[in-house]
Structures are given as C-alpha cells and as structure tokens.
Amino acid sequence: MNEEIGINTEYIPLGKFLKLANIVESGGMVKIFLSEFEVLVNGEPDNRRGRKLYVGDTVEVEEFGSFTVVKEA
C-alpha cells in the first residue's frame, strides 16, 4: 500500500520525512535507522538523512511500506 505524506514546503529532508511518516520517533533515531534498514528513494538506495525529497518522490522503507510525497492542501 502506498501512503501519501503531505508537505507544505518545496522539499523535506529524508530524516524529517521519516519522522513525519511516524517511522522514527525522534530525529536522533534517524541515523541509526538508516544504518539498519534499507530505504529506497525513487527506486534507488539512499541513506543520507539530509537527502531532499520533493513532491512526487517515492520512498520505500523496508518493513514499513511505500510512501509518496504530495503537496499539502
């Protein structure tokens, strides 16, 4: 299932996105999470918490599912 996560800015860093999607509880957990779980951004592996995600990007997180960045109304 693909869940939509809305943002009201031009982009969102991957670390903040994972928190917004309720995958991690705090920003401090992001680095550890990215070292233990495979994260695909638009089908390519990426573990940079500062990776900029834009509207239309798809994030797949091992054991958590697929998410799409959408513009928040």
Side-chain angles (χ1 to χ4, degrees):
M1 184 174 122
N2 191 23
E3 184 177 340
E4 294 183 342
I5 303 294
I7 62 170
N8 57 8
T9 56
E10 181 183 354
Y11 66 87
I12 185 170
L14 179 58
K16 287 187 179 184
F17 177 85
L18 294 174
K19 190 174 175 195
L20 186 62
N22 294 318
I23 295 172
V24 296
E25 293 181 19
S26 70
M29 295 177 64
V30 172
K31 187 175 182 179
I32 296 167
F33 181 86
L34 290 173
S35 71
E36 295 178 359
F37 290 87
E38 182 174 44
V39 176
L40 302 177
V41 177
N42 298 325
E44 297 183 10
D46 202 324
N47 63 353
R48 298 173 294 158
R49 64 183 180 195
R51 164 74 187 257
K52 293 178 181 177
L53 302 174
Y54 295 91
V55 172
D57 284 346
T58 301
V59 179
E60 295 175 55
V61 183
E62 177 184 17
E63 297 183 27
F64 290 90
S66 180
F67 304 85
T68 300
V69 181
V70 297
K71 190 70 174 170
E72 199 170 70

Go through the steps for Asp57 and Tyr11 under the test side-chain contact (heavy atoms from CB on, under 4.5 Å), then give the verdict. CA-CA 10 Å; Asp57 284 346; Tyr11 66 87; over 6 Å; no
Within this structure, what is the CG-CG distance for the pair Asp46 and Leu14, rounded to the nearest 0.5 Å?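 Result: 6.5 Å between the selected atoms.
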Calculate, to the nearest 0.5 Å, the distance between atoms CD1 and CD1 belonging to Ile5 and Ile12 respectively.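 Those atoms lie 9.0 Å apart.
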Nearest atoms (heavy-atom pairs only) where Gly56 meets Asn42: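 The answer is O-OD1, 4.4 Å.
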Closest non-hydrogen contact found for Phe17 with Val69 is CE1-CG2, 3.7 Å
For the backbone of Glu38 and the side chain of Glu62, can you confirm whether one donor and one acceptor N or O come within less than 3.5 Å of each other? yes
Beyond-backbone contact of [X] with [Y], side-chain heavy atoms, under 4.5 angstrom:
X	Y	answer
Thr58	Thr68	yes
Leu34	Arg49	yes
Phe67	Ile23	yes

Take atom CD of Glu25 as the centre, draw a 6.0 Å sphere, and report whether it contains more than 12 heavy atoms from other residues, nucleotides or ligands.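 No.
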Are more than 12 heavy atoms from other residues, nucleotides or ligands located less than 6.0 Å from atom NZ of Lys71?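 Check passes, neighbour count above 12.
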Are Leu40 and Val55 joined in one hydrophobic group, where the rule is that I, L, V, M, F, W and Y side chains link up if heavy atoms are under 4.5 Å apart? no
In sequence, state the C-alpha distance, the side-chain angles, and the governing distance for Leu18 and Val61, and then conclude on side-chain contact (heavy atoms from CB on, under 4.5 Å). CA-CA 9 Å; Leu18 294 174; Val61 183; 4.2 Å; yes
